[in-house]
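Residue numbers count from 1 along this sequence.
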Amino acid sequence: MHIDHFKEHFQTIIDQRQGAKITYCLFDVLFGSLCAVIAGAKGWFDIREYICGHHDWFKRNKLFLNGIPADDTIARIISTIEPEQFHKCFVNWMSSMHTLTEGQVIAIDGKTLRGSYNREDRASTIHMISAYASSNKVVLGQLKTEEKSNEITAIPELIKMLDIKGALVTIDAMACQTKIAKAIVEQGGDYLLAVKSNQGKLRQAIETAFSSQRANVADEFSIEQGHGRLESRQCYVFDSSKLEGDFSRWKGLKSIVMVENFRLEKGKSAELEYRYYISSKELSAEQAAGAVRKHWGIESMHWVLDVTMNEDACQIYKEHGAENLSCLRHMSQNMLREEPTKLSIVGKLPLCTMNTSMLEAVLSAGFSQKVKN
């Protein structure tokens with residue numbers, strides 16, 4: 001059944017090859033590659049080895065009946081898929097599987113694929129922007145940029161692809177731009193944007209508004225202790241009317257937030273840091289503090305991609321190979337998280353390699369009925 005569901009969501013991808021020269025079906029190679037990446041495959045050779053090792057299982061599911069392509073052939077087939085089509089199918093699949101609840105935090109952040117640079121042009125490294133549903137720990141969509149600095153133009157495009165109605169979208173300071181705030185509100189969501197020196201007048205006005213709060217005890221604070229470290233966070237929220245000056249260009253602006261972060265680590269000097277945010281949502285201190293914490297969940301997703309799936313070490317770069325393989329990794333990570341056993345992703349990968357019943361469980365969970373985030 002999971003194979004039928006995969007076809008339902010990804011059958012619109014157009015095969016770019018000439019019809020007379022096609023030996024291996026695009027669907028077979030794409031689905032086989034997804035299964036292999038779920039089991040920990042890190043490149044084209046690994047994908048072929050996985051399919052070879054489980055060829056009987058694939059044949060029982062009416063796949064690869066005419067044999068298995070060489071790893072170079074798998075590379076060519078996946079690399080010629082138009083990423084825009086692939087991303088659209090990915091977003092539609094996630095939309096069909098997950099319903100966002102009111103106030104759900106969606107974190108948006110970028111990650112560079114460090115091994116994806118063209119060997120003739122080392123400045124061409126791919127940078128991917130991802131939208132991450134913090135509660136369910138799944139990626140809702142992604143988009144490529146050529147450079148990190150292009151996040152500002154790519155984020156509105158990613159937002160337009162997503163259903164963010166009722167969600168709270170969190171982004172770091174680089175994306176604190178009026179155009180991005182407007183795109184989020186017009187798409188039916190709310191924003192919580194970090195403010196740093198790139199918005200000098202806004203930052204100064206927020207600092208002035210909170211100047212009397214720096215020595216006070218906040219309505220919402222937390223203390224964490226462990227591993228030789230003590231960390232305390234306090235959160236304050238004011239209505240945006242406290243700002244001195246005209247900031248009407250920030251569409252829907254309602255709240256300003258200050259988070260005071262104190263950190264004491266053994267053998268190091270104490271650190272005191274203030275972080276500032278703006279939001280189009282009327283937030284309590286508890287809600288703001290929770291959203292700020294949830295935003296950093298996207299970093300744990302990036303960590304899994306690097307440490308468990310070796311994304312940074314991947315040297316694939318030709319055509320659309322790096323971008324499409326990145327999409328397969330995100331799909332795999334989502335499906336591995338949906339599988340209900342208490343094993344970690346690290347624990348599930350070898351089981352999917354050795355045991356097709358575990359692979360089927362992951363596929364079934366990934367293409368199951370819609371659940372709430």
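Checking Ile74, Asp28, Asp46, Asn324 one by one against Ser33, the side chain to side chain contact (heavy atoms under 4.5 Å, CB included) holds for a single residue, Ile74.
A donor-acceptor distance shorter than 3.5 angstrom exists from the side chain of Gln199 to the backbone of Cys176, with no hydrogens or angles considered. Remark: side-chain polar atoms of Asn198 are paired, donor with acceptor, to backbone N or O of Ala173 under 3.5 angstrom. Side chain of His330 to main chain of Val139: no donor-acceptor pair is present (N/O by atom type, distance under 3.5 Å, no hydrogens or angles). Checking side-chain atoms of Lys281 against main-chain N and O of Asp190 turns up no donor-acceptor pair under 3.5 Å. No side-chain donor-acceptor contact under 3.5 Å links Glu323 to the backbone of His320. Looking at Tyr50, its side chain never comes within 3.5 Å of a backbone N or O of Ala39 through a donor-acceptor pair. Formation of a donor-acceptor pair under 3.5 Å by the Ser95 side chain with backbone atoms of Asn92 is not found in this model. Listed for the Ser344 side chain is a donor-acceptor partner under 3.5 Å among the backbone atoms of Gly347. In this structure, Ser364 contributes its side chain and Ala361 its backbone to no donor-acceptor pair below 3.5 Å. Side-chain atoms of Thr353 come within 3.5 Å of backbone atoms of Leu349 as a donor-acceptor pair (strictly under, hydrogens ignored).
Partners of Arg329 according to the salt bridge (charged side-chain N to carboxylate O under 4.0 Å, His left out) rule, which considers only residues two or more places apart in sequence or in another chain, are Glu311. Glu186 pairs by the side-chain hydrogen bond (donor to acceptor under 3.5 Å, both in side chains) definition with nothing, not counting sequence neighbours. Shown here are the ring pair (Phe, Tyr, Trp, His ring centres under 6.0 Å) partners of Phe58, two or more places apart in sequence or in another chain: Phe64. Listed by chain and residue number, Ser357 satisfy the side-chain hydrogen bond (donor to acceptor under 3.5 Å, both in side chains) test with Asn355 (two or more places apart in sequence, or in another chain). For Asp246, the side-chain hydrogen bond (donor to acceptor under 3.5 Å, both in side chains) criterion is met by Ser248, not counting sequence neighbours.
Atom NZ in Lys62 sits 14.0 Å away from atom SG in Cys25 (nearest 0.5 Å). In this structure, Ile13 CD1 and Cys89 SG are separated by 4.5 Å, a value rounded to the nearest 0.5 Å. Here the straight-line distance linking atom OH of Tyr274 with atom CD of Gln234 works out to 8.0 Å at 0.5 Å rounding. Ser211 OG to Met258 CE: the interatomic distance, rounded to the nearest 0.5 Å, is 9.0 Å. Atom CD of Gln204 is separated from atom NZ of Lys201 by 9.5 Å, given to the nearest 0.5 angstrom. If you take CZ on Phe27 and NZ on Lys7, they are separated by 5.0 Å, rounding to the nearest 0.5 Å.
Counting heavy atoms from C-beta on, the side chains of Tyr276 and Ile256 never come closer than 4.5 Å. For the pair Tyr277 and Val259, the minimum side-chain heavy-atom distance is below 4.5 Å. Residues Val362 and Cys352 have side chains in contact (heavy-atom distance under 4.5 Å, counting atoms from C-beta outward). Within the 4.5 Å cutoff, the side chain of Gln85 has heavy atoms near those of the Ile14 side chain. The closest side-chain heavy-atom distance from Leu363 to Met335 is below 4.5 Å. Contact check for Lys42 versus Met309: no side-chain heavy atoms found under the 4.5 Å cut-off. Taking 4.5 Å as the limit, some side-chain heavy atom of Asn136 sits within range of a side-chain heavy atom of Glu338. Side-chain contact between Ser130 and Asp109 is absent, with no heavy atoms from C-beta onward closer than 4.5 Å.
The aromatic rings of Phe238 and Phe210 lie parallel to each other, with less than 30° between the two planes, well short of the 60° mark. Ring-plane geometry between Trp93 and Phe90 is classed as perpendicular, the angle between the planes exceeding 60 degrees on a 0 to 90 degree scale with a lower cut at 30.
Across all non-hydrogen atoms, the minimal contact from Tyr191 to Ala181 is CE2-CB, 3.6 Å. What you find for Leu336 and Lys348 is that their closest heavy atoms are O-NZ, 2.6 Å. Of all non-hydrogen atoms in Asp172 and Ala194, the two that sit nearest each other are C-CB, 3.9 Å. Taking both residues in full, the closest heavy atoms of Val169 and Ile108 are given as CG1-CD1, 3.7 Å, listed atom of the first, atom of the second, then distance. Of all non-hydrogen atoms in Met128 and Ser326, the two that sit nearest each other are CG-OG, 4.0 Å. The two residues Ile206 and Ile278 have their closest heavy-atom pair at CD1-CG2, 3.6 Å.
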With a 3.5 Å cut-off and sequence neighbours excluded, list the donor-acceptor pairs that the side chains of residues 75-83 form with protein atoms.
from	atom 1	to	atom 2	distance (Å)
Arg76	NH2	Thr73	OG1	3.2
Ser79	OG	Ala75	O	2.6
Thr80	OG1	Arg76	O	3.1
Thr80	OG1	Ile77	O	3.0

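When the side chains of ILVMFWY residues are joined at heavy-atom separations under 4.5 Å, either directly or via intervening members, Met174 and Val292 end up in two distinct hydrophobic clusters. Transitive grouping of hydrophobic side chains (ILVMFWY, heavy atoms separated by less than 4.5 Å) brings Ile47 and Phe6 into a common cluster. Val91 and Leu30 end up in the same hydrophobic cluster when Ile, Leu, Val, Met, Phe, Trp and Tyr side chains are linked at under 4.5 Å. A continuous path of hydrophobic side-chain contacts links Ile129 to Ile171 [ILVMFWY only; heavy atoms under 4.5 Å]. Under the 4.5 Å side-chain heavy-atom criterion for grouping Ile, Leu, Val, Met, Phe, Trp and Tyr, Leu193 is connected to Ile298 within one hydrophobic cluster.
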**Study point:** Derivation and outcome, side-chain contact (heavy atoms from CB on, under 4.5 Å), residues Leu202 and Phe247
**Key:** CA-CA 8 Å; Leu202 177 60; Phe247 296 98; 3.8 Å; yes
Review point. Stepwise, does the side-chain contact (heavy atoms from CB on, under 4.5 Å) test hold for Ser280 with Lys251?
Key: CA-CA 7 Å; Ser280 60; Lys251 190 174 181 67; over 6 Å; no
Exercise for review: Check step by step if side-chain contact (heavy atoms from CB on, under 4.5 Å) holds for Leu325 and Val37.
Suggested key: CA-CA 9 Å; Leu325 194 55; Val37 174; 4.1 Å; yes
**Study point:** Stepwise side-chain contact (heavy atoms from CB on, under 4.5 Å) check, Gln333 with Leu305
**Key:** CA-CA 8 Å; Gln333 190 178 109; Leu305 289 172; 3.5 Å; yes
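Ion pairing between a basic and an acidic side chain is recognised when a charged N comes within 4.0 Å of a carboxylate O; Asp306 and Lys111 show such pairing. By the 4.0 Å N-to-carboxylate-O rule, Glu84 lies too far from Lys88 to be salt-bridged with it.
The number of heavy atoms from other shown groups lying within 6.0 Å of CD (Glu273) is above 12.
No hydrogens or angles considered: a donor-acceptor pair under 3.5 Å links the side chains of Glu339 and Thr341.
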